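To keep things clear, I will list the structure first and then write my remarks on it.
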Amino acid sequence: MELSSKYNPQETQDKWLQFWKDENIFHAKPDADKKPFTIVIPPPNVTGILHMGHALNNTLQDILVRYKRMNGFEVLWMPGTDHAGIATQNVVEKQLAKEGRTRQDLGREEFLKRLWSWKKEYGDTIIHQLERLGSSCDWPRVRFTMDDAYSEAVKHAFVSLHQKGLIYQGKRIINWCPRCQTALSDEEAEHKEKNGKLYYIKYPLKDNPNAWVVVATTRPETMLGDTAVAVNPQDERYRLLIGKTLILPLVDREIKIIADDFVASDFGTGAVKVTPAHDPNDFMMGERHQLTVINVMHPDGRINKEGGAYEGLDRFEARKRILVDLEERGLLEKEEDHKNAVGHCYRCDTMVEPYLSKQWFVKMKPLANRALEAVKSQEIKIHPTRWIKVYTNWMEDIHDWCISRQIWWGHRIPVWYDENGNAYVAKSQEEAYLQAKVTQGANVSLTQDEDVLDTWFSSWLWPFATLGWPKDNLDLKYFYPTNTLMTASEILFFWVARMVMAGFEFMGQKPFSDVLIHGTVRDAKGRKMSKSLGNAIDPLEIIHEYGADALRFSLIINSGQDIFISKEKFEIGRNFANKIWNASRLVFMNCSKEAMEGDYENLEFQNLDLHSRWIIARFYETLIRVNASIEAFHYSEAEVLVQDFFWGDYCDWYLELIKAKFTDIHIQKTALFILKNSLKLLHPFMPFVTEEIYSKLQTRDQCLSLSAWPVRSEKLFCSQAAFQMQTVIDIITAIRNIRAQWNVKPGESVDVCIVCADTLLTDLVAQNKGDIKRLARLKDFVLDTKAPVLKNSAFALVGEIKIVVPLDGIIDINAEKNRMMSETAQKKKAMEGLNSRLHNADFIARAPEEIIQKEKERLETLTKEVKELEALLANLT
RNA sequence: GGACUCAUGGCUCAGUUGGUUAGAGCGUCGCCCUCACAUGGCGAAGGUCGAAGGUUCAAAUCCUUCUGAGUCCACCA
């Protein structure tokens with residue numbers, strides 16, 4: 001079995017994607033002998049195209065999933081997509097627009113047919129892309145939020161909440177998108193700070209047209225719907241005017257001056273126009289004062305017939321005209337610059353209009369209580385913990401959720417009306433009919449509510465609706481509650497918070513126990529990656545050029561809070577994959593058939609040399625730390641650890657050390673043992689290249705994805721080896737240092753004298769003489785107990801070991817002297833610090849004993865070293 | 001207006017509960033195509049941890065204030 005001389009990521013990816021699929025490797029089913037581990041995927045929009053955010057999110061999940069699977073859990077990672085009501089409808093409407101048609105031209109039924117065929121053709125795009133990333137989902141289980149079973153769950157949820165009185169219909173001011181022509185929830189209206197104007201408008205008194213009240217407004221066009229002007233009852237300026245009548249300019253309507261505590265006297269003029277149909281505060285004031293409510297706008301944002309002369313104008317056009325007309329009449333006192341935050345549709349960025357309409361709402365307070373408590377009590381843990389506060393703030397100040405949407409793509413609201421307008425909430429028309437029949441007689445005819453539900457009203461059921469809820473079944477019993485949810489912060493309120501509420505409400509249990517909020521992927525300049533900015537890096541392009549492993553590895557190793565990425569960053573992963581490949585090649589080329597086919601999983605400690613004991617110790621140290629990092633969701637830390645070990649210890653030291661003795665069967669076995677176990681450690685991060693190399697091993701499991709994670713063997717772990725080996729490494733490094741310093745060409749061998757008084761150390765050096773000679777490129781090697789008198793030599797100290805390298809004719813003795821003097825000075829400075837600390841009575845009195853002890857030891861070593869250095873310096877003169 | 005995060009060598013980030021001479025990677029510089037890998041090897045330079053103050057025997061690490069960058073929330077028109 002051999003590895004090709006050049007690693008081909010594409011071929012490897014294709015091969016293993018096929019294998020995993022053919023063998024259905026990632027299928028999860030209830031297994032009483034194993035513990036379940038379930039992860040909740042944030043289902044991407046069905047219109048989605050893989051971007052770096054998906055790549056990051058899925059890699060994070062896949063790392064955990066593969067780790068847990070290898071640790072013996074029955075892992076369920078169910079993939080799926082979200083029907084994304086407005087977004088998807090927009091896509092197909094755009095298509096229609098190209099044909100010069102609208103959805104209304106087609107009619108509801110035809111339009112929906114069109115949507116479904118679009119879904120059939122393009123809906124799996126993102127799923128296939130996630131697969132290419134290496135995501136080890138249970139692919140055949142793929143779910144869609146509009147699957148039949150899922151739809152049943154949605155209806156069930158609606159009816160059940162309605163029965164509890166948690167869903168109601170109400171006429172209220174909601175966020176309205178004039179372009180999408182639908183209501184939005186508060187979360188779907190994104191507040192954006194805008195530099196606007198505050199207009200001061202004179203409203204003349206009826207009694208005295210030469211006197212007026214000035215009101216300040218940012219939206220003058222809404223004055224067409226004004227039905228009062230309000231002032232604070234405490235405001236002296238207006239006290240006498242309360243109850244008087246004003247003439248609304250341009251409209252000539254008579255409106256009253258009312259007093260309301262809501263009005264802040266210090267803003268604007270202290271008098272505010274009241275437009276109950278177009279502002280939530282005004283609406284509430286209107287209710288308090290029984291004001292007339294006049295809606296002046298069509299759903300598309302044009303002024304309606306209530307607007308008189310302005311009828312038919314778009315809201316912004318109307319604003320311009322109204323300002324001109326007011327100006328002409330001398331009623332526009334002034335305008336001021338004014339910053340304010342205005343809601344924008346999160347799907348099309350159109351400025352949202354506060355709009356009065358009849359919608360369905362969910363009462364959130366009763367649902368929020370349990371969800372709040374769960375996070376506060378750590379029953380659900382949010383990582384990093386700072387998000388807890390964000391979550392609790394939102395939950396504590398929660399508003400009712402507007403769930404009806406005036407679009408066609410989505411779950412139609414399960415409500416039917418009879419001819420008299422009575423509503424029947426039911427899971428089906430048949431059930432509604434049974435209800436209606438009781439009061440309306442058998443001939444009652446029903447029509448279903450035209451609206452559909454907010455997409456998130458289905459998404460919040462995901463953790464259990466995908467498992468078959470509301471039907472009781474084994475999957476649901478075994479896999480719920482789930483374990484971990486990993487997601488970007490953007491959908492904390494939209495989705496995460498609501499899933500928690502839904503979990504408790506419908507299942508009586510939390511939906512998951514850990515939530516990991518990860519950062520956003522940004523470009524090198526820190527901007528969000530987006531199509532419109534043109535700064536997006538396409539993950540598929542990276543997969544094609546560098547490989548999926550490289551994409552995954554680089555993405556994770558760069559992940560701090562947010563992830564700043566540029567194309568070159570992916571070389572890190574590519575290079576590492578290449579290194580793994582080549583190191584494996586070296587091992588395979590040097591291992592005998594006997595070693596390859598033998599049982600190198602059960603090494604005997606007594607057969608191992610120092611180097612092998614050392615690399616095993618280093619491996620287990622790494623393993624323990626990697627485990628801890630993964631459990632703590634610190635994946636980038638885990639990657640650094642594995643990379644440091646594999647590249648820095650295994651490749652750079654161990655493989656170099658054993659090259660001279662690769663014929664030894666025990667060495668071969670150890671090399672294979674470490675390689676195999678390293679592949680396991682690397683696998684969650686780089687699944688493809690590791691599977692491929694693993695598959696060339698003779699003794700192995702069906703595939704690496706299903707193999708068992710390593711466990712530290714106490715029999716093989718030897719901390720002494722680690723210490724001894726470090727000394728050998730330090731000696732070699734010190735000599736290499738000297739060579740580089742004096743520019744000794746690699747081809748030129750030098751002699752060296754190693755001076756050491758300690759017998760144990762002397763033995764160690766003697767045993768490793770060959771390796772030191774080879775790796776430091778030495779001609780000859782003298783081991784002595786005391787320093788010889790050698791002129792023209794370079795010196796180095798490694799603990800108690802002195803290294804003398806004669807460099808006659810090469811060395812500049814004065815430069816070497818200077819170097820050693822500065823080294824001495826450095827050490828002396830450190831000694832000073834230690835001395836002053838150790839002579840500080842407070843330090844001695846208050847610092848823990850072990851710290852003092854450490855400092856003392858440190859001082860002792862430094863003193864010794866300085867002494868040695870000074871002796872060597874004296875030798876030089 | 002409220003909340004939060006970040007500020008460490010040229011760049012991107014580590015730095016666990018405060019405890020030796022602050023770590024990586026990239027980049028830079030020097031030497032090397034050594035028969036696994038130049039997507040490589042060996043070595044070097046470079047920071048006192050945004051500013052000021054405080055707590056402490058001891059602070060990059062805790063507290064306060066300030067400055068700068070960013071994020072989220074918000075019905076004062």
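Labels below follow one simple rule: chain letters A, B, ... track the order of the sequence lines, proteins then strands, and each chain is numbered from 1. These numbers were taken from a predicted model, which means no experiment stands behind them.
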Answer yes or no: are there more than 12 heavy-atom neighbours, outside [X] itself, under 6.0 Å from its atom [atom1]?
X	atom1	result
A/Glu336	CD	yes
A/Lys854	NZ	no
A/Glu850	CD	no

Pair A/Lys856-A/Glu849, salt bridge (charged side-chain N to carboxylate O under 4.0 Å, His left out): steps then yes or no: CA-CA 11 Å; A/Lys856 277 186 181 162; A/Glu849 186 52 41; 5.4 Å; no
On RNA chain B, check which nucleotide each of A/Val640 and A/Asp842 is closest to and give me the residue with the more 5' one.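 Its nearest nucleotide being more 5', the pick is A/Val640.
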Taking for each residue the nucleotide of RNA chain B with the nearest heavy atom, is it A/Asn590 or A/Asn558 whose nucleotide lies nearer the 5' end?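 Residue closer to the 5' terminus by nearest nucleotide: A/Asn558.
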What contact category does A/Leu862 fall into here, base, sugar-phosphate, or nothing, at under 4.0 angstrom with non-hydrogen atoms?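 Result for A/Leu862 = base.
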Mind calculating the distance between [atom1] ([X]) and [atom2] ([N]) to the nearest angstrom?
X	N	atom1	atom2	result
A/Glu748	B/G43	CD	P	18 Å
A/Ile557	B/C11	CD1	P	20 Å
A/Glu396	B/G2	CD	P	18 Å
A/Phe553	B/C26	CZ	P	11 Å
A/Leu586	B/A36	CG	C1'	5 Å
A/Gln741	B/C32	CD	P	17 Å
A/Arg625	B/A14	CZ	C1'	11 Å
A/Glu637	B/G25	CD	C1'	15 Å

Taking donor-acceptor contacts at under 3.5 Å, does the side chain of [X] reach the base of [N]?
X	N	result
A/Glu656	B/A36	yes
A/Lys6	B/A36	no
A/Lys856	B/U20	no
A/Lys745	B/C31	no

Proximity of [X] and [Y] rings by center, below 6.0 Å:
X	Y	result
A/Phe553	A/Tyr546	no
A/His338	A/Phe267	yes
A/Phe361	A/Trp401	no

Between B/G50 and B/G15, how far is it from one P atom to the other, in whole Å?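 My reading of the P atoms in B/G50 and B/G15 gives 15 Å.
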With respect to the side chain of [X], which nucleotide from [options] is positioned closest?
X	options	result
A/Lys579	B/C37, B/G43, B/G19	B/C37
A/Ile572	B/A36, B/C42, B/G25	B/G25
A/Thr733	B/U34, B/G40, B/G43	B/G43

Report, as a single string ordered 5' to 3', how protein heavy atoms within less than 4.0 Å touch nucleotides 69-77 of chain B: B base, S sugar-phosphate only, - not at all. ----SBBBB
Does a salt bridge link A/Lys376 with A/Glu396, judged by any charged N lying under 4.0 Å from a carboxylate O?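 Result for this pair is yes, salt bridge flagged.
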For A/Asp400, is there an ion pair with A/Arg172 - N to carboxylate O distance below 4.0 angstrom?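 A salt bridge is present here (some side-chain N lies under 4.0 Å from a carboxylate O).
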Parallel, tilted or perpendicular, as decided by the 30° and 60° cut-offs, for the rings of A/Trp394 and A/Phe493: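 It falls in the parallel class, under 30°.
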Intra- and interstrand pairs of RNA chain B - dot-bracket, Watson-Crick/G-U under 3.5 Å, | marks other strand: (((((((..((((.....[...)))).(((((.......))))).....(((((..]....))))))))))))....
